[in-house]
Amino acid sequence: THSLYQDAIDILKTNDRGTYSLPTQGLYPVQFNWDSAFAALGYRFINPVRAWQEVQQLASSQWPDGMIPHIMFRGHHDGYFPGPSIWKTGQFTPTSGITQPPVLASVIRRLDDTHPLDDSIEMHDMLRRLVRWHEWFIVARQEPQTEAIAIIHPWESGRDNMSDWDSGMARVEIADLPPYTRRDLDHVDASQRPTKEQYDRYLTIIKYGRDHQWRQDHLGQHSPFRMVDPGMTAFLLRSSRDLLALLQKHQPDNQAALSTVQQHIESLDRGWKNLWNDKVNAYTCYDPVEQKHINSVSSASFLSCFAGVYEEGRHEKLMGEFDRISNKVKFMVPSFDPDHADFDAKRYWRGPVWHVINDSIGRGFAEHGETERAERIRADSEALITQSKFFEYFDPITGEGLGGKDFTWTASVYLDWVM
Ligand code: DGY
């Protein structure tokens with residue numbers, strides 16, 4: 001019989017474009033930043049050389065200012081909207097003008113553990129790019145009040161239509177946009193995707209970036225949309241710890257890089273702790289314009305262990321929230337609190353389960369001795385794939401597979417963690 005293991009391998013092969021991968025055919029015919037990093041973990045099970053190509057191809061798209069962008073338009077990408085003519089970023093390989101969660105350093109550390117590169121010059125180049133990207137986050141995205149990381153477009157978070165962004169999105173006054181056709185709705189039912197009004201705002205923010213030549217330090221302070229994201233903060237903090245370990249191993253004499261990354265860790269550690277919100281007993285999103293926390297729990301709230309932060313007292317309260325949610329849904333971890341009025345079990349990041357977030361929360365829990373809760377997440381992830389196969393996201397109540405099918409990062413995480 002055809003095993004799930006073989007299905008996962010077949011998906012990775014089908015979505016392989018030689019030196020980079022697509023998240024899925026049809027819906028996302030382009031290289032995405034964090035999808036690509038997660039893909040590399042899966043390609044190790046086929047060919048470690050191919051895994052390194054994936055991440056090197058991703059890092060090679062770094063902008064002169066240090067940003068590694070969220071989309072790289074390579075090969076045939078005509079089915080994707082918005083394409084290069086909307087972004088107009090002027091890069092040699094066309095890219096979008098925003099970034100995505102920095103999981104790359106964490107992935108590189110894991111590749112280096114199991115299949116180190118033979119070529120130390122290539123490793124040196126990778127580490128230099130990672131330090132520059134992380135430094136870019138501090139310069140262009142760190143919010144001074146909290147020291148946590150802000151996003152200037154919901155797409156930067158990778159968690160596009162979170163209810164956490166709603167108040168920030170409401171401030172975006174929809175521009176006079178030329179008529180456009182969404183391509184996502186050719187592939188996925190509208191009830192599982194962001195709304196038209198959200199798309200109008202997504203495109204309005206892009207217009208602002210374009211009108212300001214994608215000057216990222218300016219956008220960090222003046223984009224019409226700005227919110228402080230626990231997800232971005234946790235991923236950058238974890239990646240910074242992994243980058244420090246890589247530097248200690250490969251460049252123990254590089255004092256400049258070591259102390260830069262050490263400072264990032266200290267600052268982001270304070271940043272994460274500043275996202276603690278007593279009203280809901282969790283680390284939450286923060287609105288830098290109104291200078292207040294958003295009072296809702298999302299899956300990103302549970303990334304604290306993964307980020308390497310353990311605060312006595314707070315940790316127990318956070319686990320209480322985790323258990324409350326565990327009792328509400330069949331499959332952990334829903335992207336948004338099922339007890340909240342904005343919860344929507346099928347709509348993208350307003351409720352569904354996403355395997356890459358499960359992987360990160362689960363690994364963090366396991367590392368911090370939360371063995372039972374980690375196992376609940378792993379077992380639920382496995383049950384979802386057994387029931388519904390390798391979808392983009394899943395209904396946490398029924399387990400129905402949603403969004404794109406035969407999804408690269410779902411297959412990768414299955415090979416790497418779930419099975
Ligand atoms: C999409 O096209 O929906 C992507 O998530 C944007 O980043």
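Read the numbers this way: they start at 1 and go in the same order the structure lists the ligands and their atoms.
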Looking only at protein heavy atoms, identify the closest one to atom 3 (O) of ligand 1 and say how far it is in Å. R193 NH2, 2.8 Å
Do the ring planes of F32 and Y28 sit parallel (below 30°), tilted (30 to 60°) or perpendicular (above 60°)? perpendicular
Atom 5 (O) of ligand 1: the protein heavy-atom neighbour that sits closest, reported with distance to 0.1 Å: D160 OD2, 2.6 Å
Taking the inter-plane angle between the rings of W133 and F137 on a 0 to 90° scale, is it parallel (under 30°), tilted (30 to 60°) or perpendicular (over 60°)? tilted
Nearest to atom 7 (O) of ligand 1, what protein heavy atom do you find, and at what distance? H70 NE2, 2.8 Å
How far is atom 2 (O) of ligand 1 from its nearest protein heavy atom, and which residue and atom name does that atom have? Y80 OH, 2.6 Å
If you measure from the Lys or Arg side-chain nitrogens to the Asp or Glu carboxylate oxygens, is any gap between E367 and R238 under 4.0 Å? yes
With under 30° as parallel and over 60° as perpendicular, where do the rings of W354 and Y393 fit, or are they tilted in between? parallel
In ligand 1, which numbered atoms sit nearer than 4.0 Å to a non-hydrogen atom of Y348? 3 (O), 5 (O)
If you measure only the distance, is there a donor-acceptor pair under 3.5 Å linking the side chains of S3 and Q6? no
Distance filter under 4.0 Å to Y28 heavy atoms, resulting ligand 1 atoms: 1 (C), 2 (O), 3 (O)
Report, in ascending order of atom number, the atoms of ligand 1 lying under 4.0 Å from any heavy atom of W155. 6 (C), 7 (O)
Relative to the ring of F407, is the ring of W409 parallel (under 30°), tilted (30 to 60°) or perpendicular (over 60°)? tilted
Report yes or no: does a heavy atom of F32 sit under 4.0 Å from some atom of ligand 1? yes
